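Take a look at the structure below.
In what follows, chains carry the letters A, B, and so on, assigned in the order in which the sequence lines appear, proteins first and then strands, with residues in each chain numbered from 1. From a predicted model like this one, the values you see are computed outputs, not experimental measurements.
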Amino acid sequence: MQIIESSQVYDVIIVGSGAGGGMATKILSEAGLKVAVVEAGPFFDPSDPEQMTQLKWPYESPRRGASTTRPFGDFDSAYGGWDIEGEPYTNTEDTDFKWFRSRMLGGRTNHWGRISLRFGPKDFKRKDQDGLGDNWPIGYDDVKPYYDKVDKLIGVFGTNEGLPNDPDGFFLPPPKPRLHELFYIKGAKKSNIPVYPSRMSMLTKKINNDRGVCFYCGQCSRACQVSADFSSGTCLIFPAQKNGGQIDLFVNCMVREVTTNDEGKATGVSYINKEDRKEYKLKGKVVVMGASACSTARILLNSKSSQHPNGLGNSSNIVGKYLHDSTGSSRVAFVPDMMNRKTYNEDGVGGMHVYTPWWLDNKKLDFARGYHTEMWGGMGMPSYGFGFNPNDFNKFFGLKVGGYGNDLRKDVKKYYGSVLGIAGRGESIPQKTNYCEIDNTKVDEYGIPILKFNYQWTDHEIKQVKHMHDTFEEIFHNIGAEPLGSKPGKEQDYGILKPGEIIHEVGTTRMGDNEKTSVVNKYQQLHDVDNVFIVDAGPFVSQADKNPTWTILALSWRTSDYIVEQLKQQNI
Amino acid sequence: MDRRKSLKSILLGGVASGLAVHGCKPNPNEAVTQEVVTASNYTYGRTPKEKELDEKLLKEVFFNQHEMESMSVLCDLILPANNDSGSATDAEVPNFIEFMAKDLPELQTPLRGGFMWLDHKSNTDYNVMFMSASEEQQKTILDTIAYPDPAVPAEEQPLEVQFFTLMRNLTLTGYYTTKMGIKDLGYKGNMPNVWDGIPEDVLAQHNVAYDDEWLAKCVDQSKRGIIAEWDENGNLLT
């Protein structure tokens, strides 16, 4: 079989269409560059009736939304998951890393939680504070102008609170808390745990004439047909096309490697078209990688040539190293004071209206980094699983559990909306020994060597999660709630979720000034190859106790500006 | 694929080369006809592969007639009709359970075996199949399996108790995910609206209150349609 080569030469080839790839597509195409976007999944538009799941009722699915085919249930918009048929990965012994991939235009931005937090000044310089990990080569002041621009372009609700490490921004006004959130606030305040309006990228107010305003269905994970929340397709790629950008979208096209010439410079990419299963080549002057931290590492490591025998950009041997995810754990409680609820529509925005950013001083604690808390509850739309064990809470009142007949209806209504869940999401310490690498013994269905993961949590993360559980119980206790299940103990590592399960994996192509210990410079340009850039979360030196998307967007914009400037000056 | 999507696929997926365009269906009208013939009753944003799976499962039959009839009797004992709302079979719960048994094959043996256990018990005690026993006899059997001991973990409960718990769970989830069940429950959402806080009487009922300072920061819903503008310090002006 021949590799089919296109004669077209693009100014820029962008690999991946999520937050990083989408932002690069917008900025670079609007600068007048001819752009190719190569996405491994199909085209996706949340306003296409054929793809839409928003405002569907549970009975519109024969399995009522069960998670048999999609990891977060039938109505979630992710095409993909931790396990994808034909696209395996492996783990070393004692590792159980979970690798989530969404194969679709817009990637994970179609279903993510929309929690949109800026990193703070301390987050870029963690080594200065606790001696662990490394500092970023840039600081908050370098990124702030881009965070400001992202806030105004995309829209995020929240409030300016003047907090030292959770910076102010350009916020839309937040929605009012719901009942379960007032109970959370009540419980947290009793223990002097601060609570603020959350910061999420839904439009509670009009931001421009192209996008709709939130109509409070609470279904952001299903992707919004009026583009009232952020996803890369609806807010970046489609508007860029509308603005007349020269953008060719290659969907269902899985990039295999970045191609290079005799001087070692990138010449484009090769990819497999999933529809005809043939290999193609695209030519470009610049290649921008936004495939996600681990997919980008995989492509670079698979891009071996005589000039780059260790993989592209990997003379340092750092590609794949320092992989890290957020820590996470959660607990659910029954709140007797939330029983017997009058029903009304409290769907709100998808996710939380309030949250707690990290509030303690690690110098007084036995672990190094912080976490924020999230919560959930309310009278949600029933789907598969609703009504299971309908009167288990009877045991808290010494009443009989189980039974049958019309009394069950009363039990279901009595307890509807009486549960509060709290989760912690924390910062881990990046480790060189936590990594992904190529597993030379296995192949995916496209003939591309796959990734193997090696990842262990350290004591810092495990102790942090132990602290989370103490916090959860304290808040529950303060509002007279009954925590469900048992508190995970030492033998369960205090309930820390598996690495990869929080889906914040970052760090595989980290940023630095020293080309021996990092993969990209402070503009996310490969040290080894000046016409290859990385705009996903691979360049993150550390993760912060914040969700990565807003920082991916800001850094991708910053890198895109730099690319435009460098092309103008004919430096690349 | 409908016409719009076929075109999209040709325009977007096929720019790679002449070959890729060739791979797509050349005649969009032909694709429309195909779509109509194979469409299932469920339209909820499926990918082609997911649609295929649903169609395959919907065509298969798992439970036999006796099992379906026994299931209907049991479902209606679990959730009979009342003055306000219909029964589990009125909400077609058995059809849902039939689908779930195919969708989650691990349910098959516990359910099928459970119905056999039920008949065995009824035959032993009353010399009649469960579905044909009197309601009093049926309830006498259920009383022995419908009340799990909360101190014993679910997976250590006796098999017949586990079977009943499974059937109760599937019946209730199948019921409350239908139009009838949602109405009975009183869920009011899944439609466009403007969230503007918890009703006063609900705050009073649950003995909580909004903090005025907090409320002052929240969205003024009368201005939601006005485009946001800020001063240079991030103060919202509109």
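Residue B:Pro192 touches chain A through both its backbone and its side chain, counting heavy-atom pairs closer than 4.5 Å. Proximity to chain A (any heavy atom under 4.5 Å) is restricted, for B:Leu53, to the side chain, taken from C-beta onward. Using a 4.5 Å cut-off between heavy atoms, B:Leu203 contacts chain A through its side chain alone, with no backbone atom that close. Proximity to chain A (any heavy atom under 4.5 Å) is shown, for B:Ala154, by neither the backbone nor the side chain. For B:Ile227, the parts lying under 4.5 angstrom from a heavy atom of chain A are both the backbone and the side chain. Heavy atoms of B:Glu229 lying under 4.5 Å from chain A are absent altogether. For B:Thr47, the parts sitting under 4.5 Å from any heavy atom of chain A are the backbone and the side chain alike.
The CD1 atom of B:Ile198 sits 5.0 Å away from atom OH of A:Tyr344, with the distance rounded to the nearest 0.5 Å.
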Next on the checklist: Let's go through A:Thr343 and B:Lys188 carefully: what are the C-alpha distance in whole Å and the side-chain angles of both, what is the deciding distance for side chain to side chain donor-acceptor pair (under 3.5 Å) to 0.1 Å, and is it a yes or a no?
Outcome noted: CA-CA 7 Å; A:Thr343 60; B:Lys188 299 283 198 314; 2.9 Å; yes

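The candidate from B:Asn207, B:Asn193, B:Leu172, B:Asn235 with the greatest count of non-hydrogen atom pairs under 4.5 Å with chain A is B:Asn193.
Side-chain atoms of B:Tyr187 and A:Asp347, non-hydrogen and from C-beta on, do get closer than 4.5 Å to each other.
For B:Asp231, the CG atom is densely surrounded, since the number of other residues' heavy atoms within 6.0 Å is greater than 12.
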